[in-house]
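What you are looking at is a predicted structure, and each value in this text was computed from that prediction instead of being measured. When a residue number appears, it is its place in the shown sequence, counting from 1.
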Amino acid sequence: MRLLYTFLIYLLLPVVLFLLYRPQRGKPGFGSRWKEHFGFVTAPNARSPLWIHAVSVGETIAVTPLIKALKQQHPDLPILLTTTTRTGADQAARLGDLVEHRYAPLDYPGAVARFLQQIKPRALLIMETELWPNLLASCGHRKIPVVILNARLSERSCQRYQHIRHFFQQMSHSLTLLLCQHHEDAARFKRLGVAEQQIAVTGSIKFDIQLDQKQIEAGEQYRQELNHRPVWIAASTHKGEDELILRAHRQILQQIPDTLLLLVPRHPERFTDVAQLCQNQGFALCRRSEQRSATSDENILLGDSMGEMAYYFQIADLAFMGGSLVPVGGHNLLEPAALAKPTLIGPHFFNFNDITRQLVEKKACYIIQNDDELARNVITLLRSEEQRLEMGMVGFDVVAANQGAIAKSLAAISKIVQ
């Protein structure tokens with residue numbers, strides 16, 4: 001089965017190369033480091049590093065508290081952090097001397113073999129359920145322990161994997177530990193044949209969120225400069241969603257004319273296009289990159305920077321999470337919840353179903369179906385400070401009640417990382 005998989009991914013190589021390397025306006029390229037995707041990497045500065053893989057920005061941010069905790073427990077432990085995307089690499093650079101960064105090899109046997117030969121990791125920790133057959137097989141052959149952090153498996157995915165259950169079991173033989181977010185995830189992995197001794201439930205390390213206090217202070221200062229002006233944020237928006245958000249904002253301005261929309265596209269290559277969209281629709285725009293406060297006659301602040309979400313959320317009175325009015329699957333609501341911000345999300349939140357459901361159940365988050373409902377809810381919340389405070393504190397309590405996954409994960413992997 002793995003031979004068939006490898007044959008298919010070689011056939012699809014031109015598509016992979018196009019998707020990974022196609023030039024896009026505003027999207028930074030890989031430069032000469034593109035070869036790292038094919039295993040042509042330089043050896044790390046320290047021998048036998050712990051290899052941690054996080055695909056992109058979100059996973060890198062989520063695993064950062066674990067990396068810091070590992071360094072506190074094992075100050076001399078060398079850590080090599082890999083990402084697949086350039087934006088993930090930029091986020092990794094923010095960790096400074098805590099880690100070395102390389103791009104992860106694509107799942108081709110030669111690329112994986114070259115990478116492992118150069119890096120010689122003592123163990124591999126993979127953030128979330130990134131199960132690459134050739135990588136796992138190569139690690140198993142070399143007796144490299146592999147741990148999946150924050151593992152999750154939806155019922156839908158479990159049913160799909162049932163069709164290739166034998167192949168999944170073969171992959172699982174190379175896994176040392178699956179650290180699951182919930183007991184339901186653990187039960188589904190067991191249904192697929194993963195041995196009970198390979199599974200532990202540690203919770204989601206995403207709840208152990210560490211907010212950048214400097215960003216929060218800067219965001220609070222910006223809030224003060226706005227003189228109590230009402231602000232709502234549409235965070236991590238995607239193509240096809242910005243138009244809906246602007247329609248909602250136009251309705252909001254009819255009711256609360258001085259409202260400021262803080263619009264933060266998910267991908268930097270879209271910053272210029274979204275700015276043009278706002279201006280074409282007649283909105284007065286201020287960009288974060290201009291390093292100034294929005295004036296009273298500007299009704300949109302475009303968040304055209306990366307790695308500043310705590311800053312942006314702190315400015316806002318309430319948050320709408322993007323990727324949810326279009327079928328992307330939503331994004332993580334924990335950062336605004338940890339800042340005690342009431343949250344709204346569209347109907348497409350399947351990537352963060354468990355977290356969203358917990359917040360919705362406690363009435364810290366409302367699900368909205370379209371731009372009209374988005375406008376109505378934003379207007380209601382901006383007019384009721386009491387309701388905003390109540391929703392925000394409930395969300396904060398949900399985050400606090402679910403923390404502790406990092407300590408449990410460290411305990412589970414303590415023998416492996418040494």
Side-chain angles (χ1 to χ4, degrees), residues 24-27 58 229-288 294 298-306 309 312-313 315-333 335-337 341-353 355-357 359-360 364-383 388 391:
Q24 289 180 273
R25 186 175 58 180
K27 180 180 179 180
R229 186 178 180 184
V231 183
W232 71 288
I233 181 173
S236 297
T237 62
H238 288 254
K239 187 175 182 179
E241 196 167 39
D242 303 287
E243 292 84 352
L244 300 174
I245 290 162
L246 294 180
R247 275 161 52 181
H249 190 48
R250 198 176 297 281
Q251 293 183 53
I252 295 163
L253 290 173
Q254 291 172 359
Q255 299 292 320
I256 312 175
D258 60 339
T259 302
L260 179 68
L261 165 62
L262 177 43
L263 181 58
V264 187
R266 177 70 173 180
H267 300 114
E269 61 267 24
R270 297 186 58 245
F271 290 161
T272 300
D273 289 343
V274 175
Q276 191 66 55
L277 174 67
C278 295
Q279 291 168 337
N280 289 346
Q281 295 202 12
F283 291 100
L285 182 74
C286 173
R287 297 180 68 149
R288 163 64 173 156
E298 290 173 326
N299 36 43
I300 294 179
L301 170 61
L302 181 70
D304 58 347
S305 66
M306 297 294 291
M309 288 309 299
Y312 291 134
F313 283 127
I315 294 171
D317 295 298
L318 64 106
F320 165 76
M321 187 55 69
S324 60
L325 282 174
V326 289
V328 170
H331 294 291
N332 197 344
L333 289 164
E335 195 162 10
K341 304 293 180 178
T343 54
L344 304 171
I345 197 167
H348 307 288
F349 53 84
F350 49 83
N351 285 335
F352 293 90
N353 187 67
I355 289 170
T356 302
R357 289 294 181 192
L359 291 169
V360 169
C365 175
Y366 295 154
I367 301 170
I368 53 95
Q369 300 297 323
N370 51 49
D371 53 295
D372 289 332
E373 285 191 21
L374 176 59
R376 285 199 298 271
N377 278 273
V378 170
I379 291 167
T380 298
L381 287 169
L382 288 179
R383 284 176 168 169
R388 292 200 311 271
M391 287 179 68

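Between V328 and H348, the closest side-chain pair of non-hydrogen atoms is not below 4.5 Å. Contact check for N370 versus L244: no side-chain heavy atoms found under the 4.5 Å cut-off. T259 is listed as a side-chain neighbour of W232, based on a closest heavy-atom distance under 4.5 Å. Here the side chains of L381 and M391 are in contact, with some heavy-atom distance below 4.5 Å. Side-chain contact between R287 and T272 is present, with heavy atoms from C-beta onward closer than 4.5 Å. Side-chain contact between L359 and I345: absent, with no pair of heavy atoms (C-beta onward) separated by less than 4.5 Å. Side-chain contact between D371 and Q251 is present, with at least one heavy-atom pair separated by less than 4.5 Å. Side-chain contact between I368 and L325 is present, with heavy atoms from C-beta onward closer than 4.5 Å.
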Report task. Using the side chain to side chain contact (heavy atoms under 4.5 Å, CB included) rule, take L285 and L263 through it: C-alpha gap first, then chi angles, then the decisive distance, then the call. Result -> CA-CA 10 Å; L285 182 74; L263 181 58; over 6 Å; no

Report task. List the steps and the verdict of side chain to side chain contact (heavy atoms under 4.5 Å, CB included) for L261 and L253. Result -> CA-CA 10 Å; L261 165 62; L253 290 173; over 6 Å; no

Requested in this report: Determine, step by step, whether I367 and F349 satisfy the side chain to side chain contact (heavy atoms under 4.5 Å, CB included) criterion, reporting the C-alpha distance in whole Å, the side-chain angles of both residues, the deciding distance to 0.1 Å, and the verdict.
Outcome: CA-CA 9 Å; I367 301 170; F349 53 84; 3.6 Å; yes

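Looking at R388, its side chain never comes within 3.5 Å of a backbone N or O of K341 through a donor-acceptor pair. Although no hydrogens or angles enter the test, the distance criterion places a donor-acceptor pair under 3.5 Å between the side chain of S324 and the main chain of G346. In this structure, T343 contributes its side chain and A364 its backbone to a donor-acceptor pair below 3.5 Å. With hydrogens and angles disregarded, a donor-acceptor distance shorter than 3.5 Å links the side chain of E241 to the backbone of G323. Using a distance-only test at 3.5 Å, with no hydrogens or angles considered, a donor-acceptor pair links the side chain of R270 to the main chain of T237. The backbone N or O of Y312 lies less than 3.5 Å from no partner atom in the side chain of R288, so there is not a single donor-acceptor pair. No donor-acceptor pair closer than 3.5 Å links the side chain of R266 to the backbone N or O of H238. The backbone N or O of A294 lies less than 3.5 Å from no partner atom in the side chain of E298, so there is not a single donor-acceptor pair.
Every residue meeting the ring pair (Phe, Tyr, Trp, His ring centres under 6.0 Å) condition with F283, not counting sequence neighbours, appears here in chain and number order: H249.
Under a 4.0 Å N-O distance rule, the pair R229/D258 does not qualify as a salt bridge.
Here the closest non-hydrogen pair linking A275 and L302 is CB-CD2, 3.7 Å.
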